[in-house]
Every structure is written in C-alpha cells, then in structure tokens.
Amino acid sequence: MAEHDLSKTIIPYLDRHLSFPLLAHLAEISIFPAEQVHVAQYELAKGTNMFDYAVSLFEQIYPGEKVPAEFDLKRQNAVSTNERLQQEAQAVLDVIENPDVAQALRQDKNQNLQYLKDNYNLTLEQITALYNFGQFQYSYGNYSGAADYLYHFRVLSTDNDLNTSAHWGKLSSDILTGRWDVALEELNTLRDAIDSRNPASLLTSAAPANNLPEPALGQLHSRTWLSHWSLFVYFNHPQGRTLLLETFLAPTYLNTIQTSCPWILRYLAAAAILSRKATASTSGASTTPLSSRVRNAIREVVKVIQTEEYQYHDPVTSFLKELYIEFDFEAAQRELTLAEEVVGNDFFLNEFKEEFLDNARYLISEAYCRIHQKIDIANLSERLNLSRDEGEKWIVNLIRETRMGADAKIDLEKNVIEINRPPLPIYQTVIEKTRQLAVRTQALGVAVARAGQGVPPQQQQQQKLEGGAPAVAVS
C-alpha cells in the first residue's frame, strides 16, 4: 500500500542520518522498487562522511562501474580534518575532565568561562572545538561520541545559537544510539526551549538576518520539526504513547499539527487507540494515574480527525471516523482491515501491529455494547474480523480484564452477551458537559484581550510553512 506510506512526507522534516532507518525499512518491506530506495539511500549518504557506506551503495546501484574519485579525495580530507579537530577538542577535554576543575564549575556559565580563562587560558572559541568535533563525529556515524562532545559543549557554552544546534544534534545522536530514556530527557529539554525562548533564535539560516522568518513562524517551524523527530522517541520509549498524547493534544502542538503537518494525525490516532484499553482497565490501579487528556484522548482525537478530514485521512484515522462519527460498524470493519496493513508497513507503528488490532477490537466492542443490550457473539466476532471460536475467547478475556465485566454477562446457551448498564444520572451528564466551560471562557477572554492590544497585522496572518530546517549539529 504505497499510497499510504508517509516516508516521503516525513523525511523532508528529518536530518539525513535519521532518514536512513526509514529507508532501510522501506527496503525490507518492498512496497517501492528496491532500486529507487537504494538511489535515495545513496543520495543521502553522499552528503555525509560515511564514505564506505556511500561506495557500497554506488557499487550496488551501478555494478561494474568505477567508483568516482571524489570519494578518495573526500576520505583523505576527512581523515586530516578529524585529526585536527580531535587535537583541538582533546585540549579542552583534558582541562574540564580534571577533577579539580569539575569541582570548581558552577551553574553560572559566565562564571565558569571566566574561571577557565583565568586559570587555564581557555576561551569560548576554544570550547567551540567540542561542538565542531562533535558535529564531525556525527557526520561519519559515530553517534555515541558525538553525543558526549555536544553534551560537554552545551554545559560550558553561552552561545545560544550553537547551544540550540547542539540540542538538536544531541537528540538525534541519542535516537540513533537507541538510548531512549536519555533521548526523552533531551526531547523534553528541547521542547521547553522552543516553548520558552525567543522563537527567532530556534531556527537559524544561512540567509541574512533581515530574511529570517517572523518569530511566530520560526516557532511553528521548530515545533513542526520536533513533532517529527519525537516520533522516534514516543514509539520506542515504554511510556511513549501516553507521553505522545500529552504533548500532541496540548493546544500549541495540536495547532502545529493542524497548520503544518496534518499527517501526524495518523500517529496521534494510533497512540490514542494503543492507549485506550489501558485507560479502561481496572487492573492498573497501582500505576501512576493518567491525566484527563489521556483518558479522553479518543474523544479529542476524533474531533480533530473530523475537522481535518478535508486535508488528511488514511485507514487509521478513517477507522475512528467510521466508528465514532458515522457509527458504521461495517465500514469500521473494512477500514480496520486496511489499517492493519498500513500499521504493519509503517516504520513507527509496525512493532505495535498486534497491540493495535487488539485495542481496535476493544473499541469496536465497547461502542457496539454501548448501543445494544443483547449481543450475538457470532455477529460481534464477525465485526472484529475473528472466527467464531477466536471471537468467543477474545470477548470472554475482554470482559474479564476490563470494567465491562461489571455490566456484561455471557449466556453460553444462547451464545449472547447481555448488557445491564444503569442510566447516567441527569446531574452527572450536566457536570460532564460543563466541566471545561470555565477554562474555555477564560481562554476566550485572554484571546479577545490580546486581539485588542494592537498586534501587528503581519503577525496575525497565517503563513504557509516553507523551508527553514533547524540548524542542528549534524550533517
């Protein structure tokens, strides 16, 4: 199902090194011609210092042809550059790794720089050698070494632009080395920096200063790129799906998704589905309580899917639409069959295929049981794309494991499920409907107040997202 593959859409928002895993996945699942994938890998590899990898791809694409001489020249230059940068960086490391120096350093970076200058004659320009060497290490695939050098640089440097670049480079290095706990910390730190600092400093460009994007647009760019990079962390960290819902359902990031990257709705919908059974289960009483945003994720995601359907939809989002907006169980069943294949081919979701199907079936069962008092097990099994025996076992386990067991009883003689659910009191319904009324009223008041403060017209216009990759410590 190449028409539903998002790799070509996502890769422009990634660093070239982060793109290699996606292309390797495409080569494995064979939904595109192998030659096209290899050419894409080669074009990306040419822009790095991973010359051996680029040469192997060239020989694979053009068997029998002579390898371009430029690779040997680049390799020689890279070796000499590596030796020079290593010497410069090592001189700084020898100082800061001294136990006496480590003990003397404080939280104040300016004070630390003055101390290093007075006692060891180290300047900010010399400390920048850590950044340059970390960036070079990253360019030839030594991601662990790059993360270490960029970390040490960021601890000492007072250069905001280079610190932001080092943030992006450190995050990418942690992702590519599979250190998900560290990557999550780095992701949260970078997100806080994007949300709190001057947006104009978050994206730097080779363009002159007078051509830099408007601050609000720069912040939109940063959040767009971070949304794509965060998928690596959220779909590999044990608590990632819940954290994805917390982040992407926040107003700022939900606005970013709707404005500049609506295809992220696939992952938002998938995370909501993957988290649904856990939120309904009564067995997790001892775990950390889930926020209301996560508990009500399905409801919020469905609203966004309905709003944004005109610009993006796929079988994953359409499954929720058919189930919760159209209430068409046959259509939901068809979309689930398509979604199974889409999830199985998706780089970020393929590891969760079985879990996705299990939770999707739970959603169908929950919705079906909500509007019926007596349910034929064979009929429900068919709607879940299961055989009669598989469906019976699955439904019994579902009722046993979730709070549906308090309302449902199985009559094995008639092969039906009987639902006895007491009606919700009227006052409880009113409370649920008006729960967020005060918060929404306050937000509306703030928005009206801002509109009356004379915001410049150019900042009121919604501009299209264009160009502007974050300046990261990567190649």
Side-chain angles (χ1 to χ4, degrees), residues 14-15 17-18 85 88-93 95-97 101-102 104-117 120 122-139 142-177 179 182-207 209 212-213 215-230 233 468-475:
L14 302 178
D15 170 74
H17 290 258
L18 289 177
L85 292 176
E88 295 174 358
Q90 192 60 45
V92 180
L93 278 182
V95 173
I96 64 177
E97 288 180 349
V101 175
L105 295 179
R106 298 291 182 262
Q107 292 290 334
D108 189 335
K109 290 186 177 183
N110 291 318
Q111 182 180 349
N112 291 339
L113 286 175
Q114 190 62 43
Y115 168 82
L116 292 172
K117 183 177 181 180
Y120 298 94
L122 274 184
T123 64
L124 181 59
E125 289 73 20
Q126 290 174 292
I127 291 172
T128 306
L130 296 174
Y131 172 88
N132 294 331
F133 189 50
Q135 183 184 34
F136 192 81
Q137 293 249 308
Y138 184 94
S139 71
N142 183 10
Y143 306 121
S144 178
D148 291 339
Y149 283 102
L150 293 174
Y151 169 78
H152 284 105
F153 167 77
R154 213 176 58 204
V155 168
L156 297 173
S157 174
T158 57
D159 188 318
N160 288 333
D161 288 339
L162 289 185
N163 278 342
T164 300
S165 177
H167 263 302
W168 288 96
K170 175 72 162 51
L171 173 59
S172 183
S173 299
D174 291 333
I175 289 172
L176 291 166
T177 53
R179 298 187 295 182
V182 179
L184 179 61
E185 292 178 9
E186 196 67 37
L187 175 67
N188 292 335
T189 302
L190 183 55
R191 187 184 67 214
D192 292 342
I194 290 172
D195 292 342
S196 62
R197 287 176 53 196
N198 177 15
S201 68
L202 297 171
L203 291 172
T204 57
S205 169
L212 288 175
L217 186 59
Q219 197 166 43
L220 176 63
H221 286 168
S222 296
R223 286 180 176 145
T224 301
W225 280 72
L226 190 70
S227 297
H228 289 82
W229 289 37
S230 67
V233 180
V472 300
V474 294
S475 298

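All values below were derived from every heavy atom in this structure, side-chain atoms included, with hydrogens, water molecules and symmetry-related copies excluded. What you see is a predicted model; the values in this text were computed from it and never measured.
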- Task: Answer yes or no: is there a donor N or O on one side and an acceptor on the other, between the side chain of S172 and the main chain of W168, under 3.5 Å?
- Result: no
- Note on the structure: The single option from L85, L150, V155, I96 that satisfies side-chain contact (heavy atoms from CB on, under 4.5 Å) with L130 is I96
- Note on the structure: dist N112:CG -> L122:CG (nearest 0.5 Å) comes out at 12.0 Å
- How close do T224 and L220 get, heavy atom to heavy atom, and via which atoms? OG1-O, 2.7 Å
- Task: Measure the spacing between CD1 of I127 and CG of L162 and express it to the nearest 0.5 Å.
- Result: 12.0 Å
- Item | pair W229-L190: side-chain heavy atoms closer than 4.5 Å | no
- Message: Using side-chain contact (heavy atoms from CB on, under 4.5 Å), reason through L14 and H228 one step at a time and then give a plain yes or no.
- Response: CA-CA 7 Å; L14 302 178; H228 289 82; 4.1 Å; yes
- Item | Main-chain N/O of F153 paired with S157 side-chain donor or acceptor, under 3.5 Å | no
- Taking the side chain as C-beta and beyond, is there a heavy-atom pair between V233 and I175 under 4.5 Å? yes
- Would you please test H17 and Y143 for side-chain contact (heavy atoms from CB on, under 4.5 Å) and show each step? CA-CA 10 Å; H17 290 258; Y143 306 121; 2.8 Å; yes
- Message: If I compare all heavy atoms of S227 with all of S230, which pair ends up nearest, and what's the gap?
- Response: O-OG, 2.8 Å
- Message: One thing to verify: whether E186 and R179 come together as a salt bridge, which I'm taking to mean a side-chain N less than 4.0 angstrom from a carboxylate O.
- Response: no
- More than 12 heavy atoms of other groups within 6.0 Å of Y151 OH: no
- Query: Taking C-beta and beyond as the side chain, do L116 and Q126 meet within less than 4.5 Å on heavy atoms?
  - Reply: no
- Message: Show, in sequence, the C-alpha distance, side-chain angles and deciding distance for L226 and L187, and conclude whether the side-chain contact (heavy atoms from CB on, under 4.5 Å) test is met.
- Response: CA-CA 8 Å; L226 190 70; L187 175 67; 3.5 Å; yes
- Task: For residues Y149 and Y131, establish whether the separation of their ring centroids is below 6.0 Å.
- Result: no
- Message: Quick check: do Q111 and Y115 have side-chain heavy atoms less than 4.5 Å from each other?
- Response: no
- Taken to the nearest 0.5 Å, the spacing of S173 OG from Q135 CD works out to 11.0 Å
- Message: Before you tell me yes or no, could you show the steps for K170 and V182 under side-chain contact (heavy atoms from CB on, under 4.5 Å), namely the whole-Å CA-CA distance, both residues' side-chain angles and the distance that decides it to 0.1 Å?
- Response: CA-CA 10 Å; K170 175 72 162 51; V182 179; 3.6 Å; yes
- Applying side chain to side chain donor-acceptor pair (under 3.5 Å), name anything that partners N188, two or more places apart in sequence or on another chain. R191
- Task: Would you indicate whether the side-chain heavy atoms of L156 and K109 approach each other to under 4.5 Å?
- Result: no
- Which atom of G134 lies closest to which atom of A146, heavy atoms considered: O-CB, 3.3 Å
- The single option from T177, D174, L176 that satisfies side-chain contact (heavy atoms from CB on, under 4.5 Å) with S144 is T177
